[in-house]
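A short write-up of the structure that comes next.
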4 protein chains.
Amino acid sequence: MPGPLPYPALSAPAPSQTRERILDVAEALFADQGFAGTSVRDIAAAAGLTAASLYNHFDGKEALYAAVLERGIRPLVLLMQSHTGGGPADETAAELVGHVMEHLRRRPHLPRLIQHEALTGGSHLARLARDWVRPLLHYGTTEMKREPSPWEADEFPLVIAAWIHLLLGHFTMAPLFREVLDEDPLAPPLLERQTRFLQKLARILATATPRRRASSK
Amino acid sequence: MPGPLPYPALSAPAPSQTRERILDVAEALFADQGFAGTSVRDIAAAAGLTAASLYNHFDGKEALYAAVLERGIRPLVLLMQSHTGGGPADETAAELVGHVMEHLRRRPHLPRLIQHEALTGGSHLARLARDWVRPLLHYGTTEMKREPSPWEADEFPLVIAAWIHLLLGHFTMAPLFREVLDEDPLAPPLLERQTRFLQKLARILATATPRRRASSK
Amino acid sequence: MPGPLPYPALSAPAPSQTRERILDVAEALFADQGFAGTSVRDIAAAAGLTAASLYNHFDGKEALYAAVLERGIRPLVLLMQSHTGGGPADETAAELVGHVMEHLRRRPHLPRLIQHEALTGGSHLARLARDWVRPLLHYGTTEMKREPSPWEADEFPLVIAAWIHLLLGHFTMAPLFREVLDEDPLAPPLLERQTRFLQKLARILATATPRRRASSK
Amino acid sequence: MPGPLPYPALSAPAPSQTRERILDVAEALFADQGFAGTSVRDIAAAAGLTAASLYNHFDGKEALYAAVLERGIRPLVLLMQSHTGGGPADETAAELVGHVMEHLRRRPHLPRLIQHEALTGGSHLARLARDWVRPLLHYGTTEMKREPSPWEADEFPLVIAAWIHLLLGHFTMAPLFREVLDEDPLAPPLLERQTRFLQKLARILATATPRRRASSK
DNA sequence: GATGAATGAGGATTCATTCAT
DNA sequence: AATGAATGAATCCTCATTCAT
């Protein structure tokens, strides 16, 4: 049932099929090769255009990149927001993991786009941090405060970060593990196992006895 | 306390101070901007040379990159090998985490180099997989078989991968989290906390009840 | 009387004035300085372009060179083919000499292009040999078999080669002889004398008594 | 009497074995690829040296080229001089052809060096013309005046030039004809046949009826 | 909307040459 | 006499971008 673009722009004014096609191929190429490693000409060619024609749709390479990032990250932000009102912690965490994995499964370029941007410290990092990481941090911290957990308060951000690493890492490291596993990390079977694995981990951590520091307190 | 190059090359034919300097700056620049985003001229300039002079030391950009990768990864491989003979699982895991973190602390560019390579599916991935990931996978799997753990056999590779994501992610995502945390993820205090956090996680997982199959089935 | 390009390409997809201009100046420069001695920038400049612009018309220096060679040699090949049906040998030889000289007079760069290619053993030699020398060899040999001549069968190829040396040599050696003669070898008067001289030689050889080897036979 | 390098060293003042080796490989490379197409580094490497070391023996690329040319052409000039006093024309011509061919057989790079220089109109053309072509022209003209021949006076230079084209062409065109003949033009058998062919041609021309002016006018 | 053509800036690499060792 | 290291200039070519059509 879901199309290639799960979050259908909500109310876009006819997204100009060509524009969308450019965004698609640009997303794939930027995710593969990063901003510096991708040429406008290659993007245009992959979209069936000349480089010159691409400038009828975007103001330049940088603007195109921004659009790709924006289009990719907005749904992720929305997904986070839609989970801010939660239930019992042990379920919510596993649920959220499931939903995020489901989202990334449909947009497998996204983690690599984010990772590229994080690595090179690009100019969109600030927005990424503000719109995506900060809310997530806030939500996660709030959640962890509500329920007992093995973690100290000053570890909360590290826990959130760890979940991001686990979720994205599976995608960003896929080419490396593809070489060494028998399966493609991005193929459905392994994606499902990874999802269940992470959910299991979430449950283990949720039920882990927070008995430490009993003496230190 | 130790110098910047803890693993003294083991078999260098005369480190040629300039060559080493080039490798240093190239490592930093490649880690920051990736292969495509880094220009030979910039590397040379950062090393106090002309681009032409750099070619007296390396056969080209690609060869320089290979040398950087080689120099960076070899110690990591050796570190893995030196831990293949382990003690009680619960200690070994935390210990290994500590040692790896200590190593990465001294060579903070390494995780980003690896991540860049993994993202772009570069030509050195195969070597990376063979020399580093595969042994690690083998060692970890063996270790997990020896002791009870919450994980099924088919989850073992995912556990290893997860640890890699956790260890490297802290470094590769540092620029992103720097924007949102009050601290620099690569500064000593947070590095130490991350180390202890991961070790704690290791212990929690090691002692988690392996209630699998018994109840779920 | 006709223009500079007597053989109107026969099947050009739109000569694109600029492209033709580039070919013209490239032909002159390659003929003067050879492939290695000619820079793309110089060609572009001579055509009133930037080097970058030249790449909108040709895929690279090598491709441009190939196009120059192709454009130069094709008419020569066609000229040869149009003379394959001959009359009495003594006339045909002199006639052919006249036609070839007339052709070379209009395209004086051609012999030097060919000579450069032959000297450096370039990658287009094989094509040159196949399309131009081999048919010429075949035709000449056939012709010589039909009429008595002073030459033995195993000398036929050497005779053909000799004619090539005589025809091209006048052009390829022009700069050298310009220094020592009072006239320019490529100026009309001397070109005409050279033509008549070669035709006279052709007639002399055609009528030379083949009395040799009378005893050996 | 002669210079430092007439034929095989006869009495050289220990020509610095290395210098000679450089000259040898430079001659071969310049003959193959021309001046522009040959790099100092390649020459040095072929001589078993570094480019820097080559500068201990020659003042630079241009000087080395000049030395190669000088060393190659001087013997040719001497050869010409030694034949200035001739006997009966019909023998002298064939004899001279034989001697020149013999000389070129031993120094097969020479024709290509000369041809390269002639093609590119290099800076050594003047010397070449003065020392080699002009005497040859003078000698040949004188010789032709002494005996009846089919040629008019104003054709004399063309006859000389033709002989040069025939003699050198066999060598400069060798790569082209190698592709199309069954034999290597520079291998002994074909070299001998070419020599006999040219000598035969010389005799034919020498005995051709000088019916000029008488009938044609 | 699309494109061919043009271009300045910059990409990696090679070149001939110098100089201290 | 030989070399490693350095370099300015030049090599071919790609880049992102513009503009008239």
Side-chain angles (χ1 to χ4, degrees), chain A residues 16-19 22 35-44 47-65, chain B residues 14 16-19 21-22 35-44 47-65, chain C residues 14 16-19 21-22 35-44 47-65, chain D residues 16-19 22 35-44 47-65:
Chain A
S16 159
Q17 210 177 349
T18 305
R19 191 186 150 91
I22 294 173
F35 181 79
T38 306
S39 81
V40 171
R41 194 160 30 213
D42 283 353
I43 297 172
L49 284 145
T50 306
S53 303
L54 192 145
Y55 284 78
N56 286 324
H57 300 272
F58 295 94
D59 281 344
K61 190 187 185 183
E62 178 61 46
L64 171 56
Y65 182 66
Chain B
S16 163
Q17 214 175 347
T18 304
R19 190 185 151 95
R21 192 162 18 102
I22 294 173
F35 181 79
T38 307
S39 83
V40 171
R41 190 160 26 218
D42 285 352
I43 297 173
L49 284 157
T50 307
S53 302
L54 192 146
Y55 284 81
N56 285 325
H57 300 273
F58 294 93
D59 281 342
K61 190 187 182 182
E62 179 61 47
L64 171 56
Y65 182 67
Chain C
S16 163
Q17 216 175 342
T18 304
R19 191 185 150 94
R21 191 160 21 101
I22 294 173
F35 181 79
T38 307
S39 83
V40 171
R41 191 162 27 218
D42 284 352
I43 298 174
L49 286 157
T50 306
S53 302
L54 193 146
Y55 285 83
N56 285 324
H57 300 273
F58 294 93
D59 281 342
K61 190 188 183 182
E62 178 62 46
L64 170 56
Y65 182 66
Chain D
S16 156
Q17 210 176 349
T18 304
R19 190 186 151 93
I22 294 174
F35 180 79
T38 307
S39 81
V40 171
R41 192 157 34 209
D42 284 353
I43 297 173
L49 284 146
T50 308
S53 303
L54 192 146
Y55 283 78
N56 286 325
H57 301 272
F58 295 94
D59 281 343
K61 189 186 184 183
E62 179 62 46
L64 170 56
Y65 182 66

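A quick note: this is a predicted structure, and the numbers were derived from the prediction, not measured.
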>> Can you tell me how far apart CG (Leu64(B)) and CD1 (Ile43(B)) are? Round to the nearest 0.5 Å.
In response: 5.0 Å
>> With a 3.5 Å distance limit and no angle check, can you tell me whether Thr50(B) reaches the backbone of Ser53(B) through a side-chain donor-acceptor pair?
In response: no
Interatomic distance, [X] [atom1] vs [N] [atom2] [rounded to whole Å]:
X: Lys61(D); N: dT14(E); atom1: NZ; atom2: P; answer: 15 Å
X: Ile43(C); N: dC13(F); atom1: CD1; atom2: P; answer: 10 Å
X: Asp59(A); N: dT18(F); atom1: CG; atom2: C1'; answer: 13 Å
X: Tyr65(A); N: dA16(F); atom1: OH; atom2: P; answer: 14 Å
X: Asn56(B); N: dA16(E); atom1: CG; atom2: P; answer: 14 Å
X: Leu54(A); N: dG4(E); atom1: CG; atom2: C1'; answer: 16 Å
X: Ile22(C); N: dT7(E); atom1: CD1; atom2: C1'; answer: 14 Å
X: Arg21(B); N: dA5(F); atom1: CZ; atom2: P; answer: 12 Å

Taking every non-hydrogen atom, the tightest pair across [X] and [Y]:
X: Gly37(A); Y: Ala36(B); result: CA-CB, 3.5 Å
X: Arg41(A); Y: Ala51(A); result: CA-CB, 4.2 Å
X: Phe35(A); Y: Lys61(A); result: O-NZ, 2.9 Å

When you measure from the side chain of [X], which nucleotide among [options] comes out closest?
X: Val40(B); options: dT13(E), dA2(E), dA5(E); answer: dT13(E)
X: Ala52(C); options: dT3(F), dG8(E), dT13(E); answer: dG8(E)
X: Ala51(D); options: dC13(F), dT17(E), dT17(F); answer: dT17(E)
X: Tyr55(C); options: dA12(E), dT17(F), dC12(F); answer: dC12(F)

> Which sits closer to the 5' end of DNA chain F, Phe35(C) or Thr38(A), going by the nucleotide each is nearest to?
Replying inline: Phe35(C)
>> Taking the nucleotide of DNA chain F with the nearest heavy atom to each, does Gly60(C) or Leu49(D) sit closer to the 5' end?
In response: Leu49(D)
Phosphate contact ([N] OP1 or OP2) by [X] side-chain N/O below 4.0 Å:
X: Thr18(A); N: dG1(E); result: no
X: His57(C); N: dG4(E); result: no
X: Ser39(B); N: dG10(E); result: no
X: Ser53(B); N: dA5(F); result: no
X: Arg41(B); N: dG11(E); result: yes

For [N], give its Watson-Crick or G-U wobble partner with both distances under 3.5 Å, or none.
N: dG8(E); value: dC15(F)
N: dA20(F); value: dT3(E)
N: dT13(E); value: dA10(F)

>> For Ile22(B) and Arg19(B): C-alpha separation, side-chain torsions, deciding distance, then whether side-chain contact (heavy atoms from CB on, under 4.5 Å) applies.
In response: CA-CA 5 Å; Ile22(B) 294 173; Arg19(B) 190 185 151 95; 5.6 Å; no
